[in-house]
Amino acid sequence: MALVPPEAVLGTTVAFSFILFGNAITQSFMGVPALLVDFPPPSSPEHAARARLLGRQWPVFWVVGNQFFRPISTLGIFGYAYTSWVASTQGADGRLGDWRPYAISALCHLITVVHSAANMQPINAKIDALREPKGKVDPKQAETYARRWIKFNTVRLITPVVAGSLALFSLLGRK
């Protein structure tokens, strides 16, 4: 008998997926758009100050993502991989059913982590650099960076909901 039942690992991991999904919705459709309300065009005299303000506000998003959501995404990889392994040892008629949906769910979380590191972190760095631009970043692109971040965050919205739904429906579909 396992120290921690695989169903408990799976349930926790599914919860992680939906926490990530909820966070992505909040940031993409409420948080970041709120920072862009009435954002002045680059030709406006107020633009530079608003770009710096966006840079000063950004660490709130970035820190939460790095310190809270990155570990959850990573635990999602391991939780689904473990569940997939246990399911494979039980066989298709075991309590967890087919191992493949859990493996796909693990892959979804891996995609989230890799996408975050490869595509989101460079945008985060640009927005963060707006605090004191000093040639590292073009302040005129401030709104563009934030809108690109919203667009790219769509991956982090889709992959956890696919992972969680696939795993949950796979488990619930068992007889």
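Start at 1 with the first residue, then count along the sequence. A quick note: this is a predicted structure, and the numbers were derived from the prediction, not measured.
I72 contributes atom CD1, which lies 12.0 Å from atom OG1 of T112 (distance to the nearest 0.5 angstrom). Note that the CG atom of L53 and the CG atom of L130 stand 10.5 Å from one another [nearest 0.5 Å]. The CD1 atom of I150 sits 15.5 Å away from the OH atom of Y145 when rounded to the nearest 0.5 Å. Here CD of E143 is found 11.5 Å from CG of L35. Values are rounded to the nearest 0.5 Å. Note that the CD1 atom of I77 and the OH atom of Y80 stand 11.5 Å from one another [nearest 0.5 Å]. Note: I111 CD1 to L107 CG = 4.0 Å, rounded to the nearest 0.5 Å.
In the hydrophobic clustering of this structure, W58 does not group with V63; members are Ile, Leu, Val, Met, Phe, Trp, Tyr whose side-chain heavy atoms approach within less than 4.5 Å, directly or through other members. L75 and L10 are assigned to two separate hydrophobic clusters, defined by single-linkage of ILVMFWY side chains at heavy-atom distances under 4.5 Å. By the rule that hydrophobic residues join a cluster once side-chain heavy atoms approach within less than 4.5 Å of another member, F69 and F16 end up as members of one cluster. Residues V113 and F68 do not share a hydrophobic cluster, clusters being chains of Ile/Leu/Val/Met/Phe/Trp/Tyr side chains in contact below 4.5 Å. Hydrophobic clustering (ILVMFWY, side-chain heavy atoms < 4.5 Å, transitive): F152 and L36 are in one cluster.
Of the options L110, T13, V14, L166, a side chain to side chain contact (heavy atoms under 4.5 Å, CB included) to S105 is made by L166 and by none of the others.
Pairing each heavy atom of Q121 with each of N66, the nearest pair is NE2-OD1, 3.0 Å. In this structure, V60 and V64 approach most closely via the heavy-atom pair O-CG2, 3.3 Å. Between A117 and P122 the shortest heavy-atom distance is O-CD, 3.8 Å. Annotation for P160 and V155: closest pair CD-O, 4.1 Å, computed over non-hydrogen atoms.
W99 and Q90 share no side-chain donor-acceptor pair at under 3.5 Å. Of the N and O atoms on the side chains of S88 and Y102, not one donor lies less than 3.5 Å from an acceptor on the other residue. Using a 3.5 Å distance cut-off with no hydrogens or angles, the side chains of T159 and H109 do not pair a donor with an acceptor. Between the side chains of R156 and S116, at least one donor-acceptor pair of N or O atoms lies under 3.5 Å.
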Open item on the list: Set out, in order, the CA-CA distance, both residues' side-chain angles and the distance that settles side chain to side chain contact (heavy atoms under 4.5 Å, CB included) for F78 and V9, then state yes or no.
Closed with: CA-CA 10 Å; F78 293 117; V9 172; over 6 Å; no
TODO: Give the C-alpha distance, both sets of side-chain angles, the deciding distance and a yes or no for side chain to side chain contact (heavy atoms under 4.5 Å, CB included) between I127 and F61.
DONE: CA-CA 11 Å; I127 297 171; F61 287 91; over 6 Å; no
Open item on the list: Determine whether N23 and F18 satisfy the following criterion, side chain to side chain contact (heavy atoms under 4.5 Å, CB included), listing intermediate values before the conclusion.
Closed with: CA-CA 8 Å; N23 175 65; F18 287 105; over 6 Å; no
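Between the side chain of H47 and the main chain of F39, no donor-acceptor pair closer than 3.5 Å is present. Listed for the S165 side chain is no donor-acceptor partner under 3.5 Å among the backbone atoms of V162. Formation of a donor-acceptor pair under 3.5 Å by the S170 side chain with backbone atoms of A167 is not found in this model. Using a distance-only test at 3.5 Å, with no hydrogens or angles considered, no donor-acceptor pair links the side chain of S28 to the main chain of I25. In this structure a side-chain-to-backbone donor-acceptor pair under 3.5 Å is missing from S44 to P40.
W62 and W149 have their aromatic ring centers separated by at least 6.0 angstrom.
Applying the salt bridge (Lys or Arg N to Asp or Glu O under 4.0 Å) test to pairs two or more places apart or on separate chains, those with a residue in residues 118-135 are D128-R131. Listed by first then second residue, pairs satisfying salt bridge (Lys or Arg N to Asp or Glu O under 4.0 Å) with a partner in residues 3-14 read E7-R95, not counting sequence neighbours.
Looking only at side-chain heavy atoms (C-beta outward), L20 and S73 come within less than 4.5 Å of each other. Side-chain atoms of R52 and P133, non-hydrogen and from C-beta on, do get closer than 4.5 Å to each other.
Salt bridge annotation for R100-D98: present, with a cationic side-chain nitrogen under 4.0 angstrom from a carboxylate oxygen.
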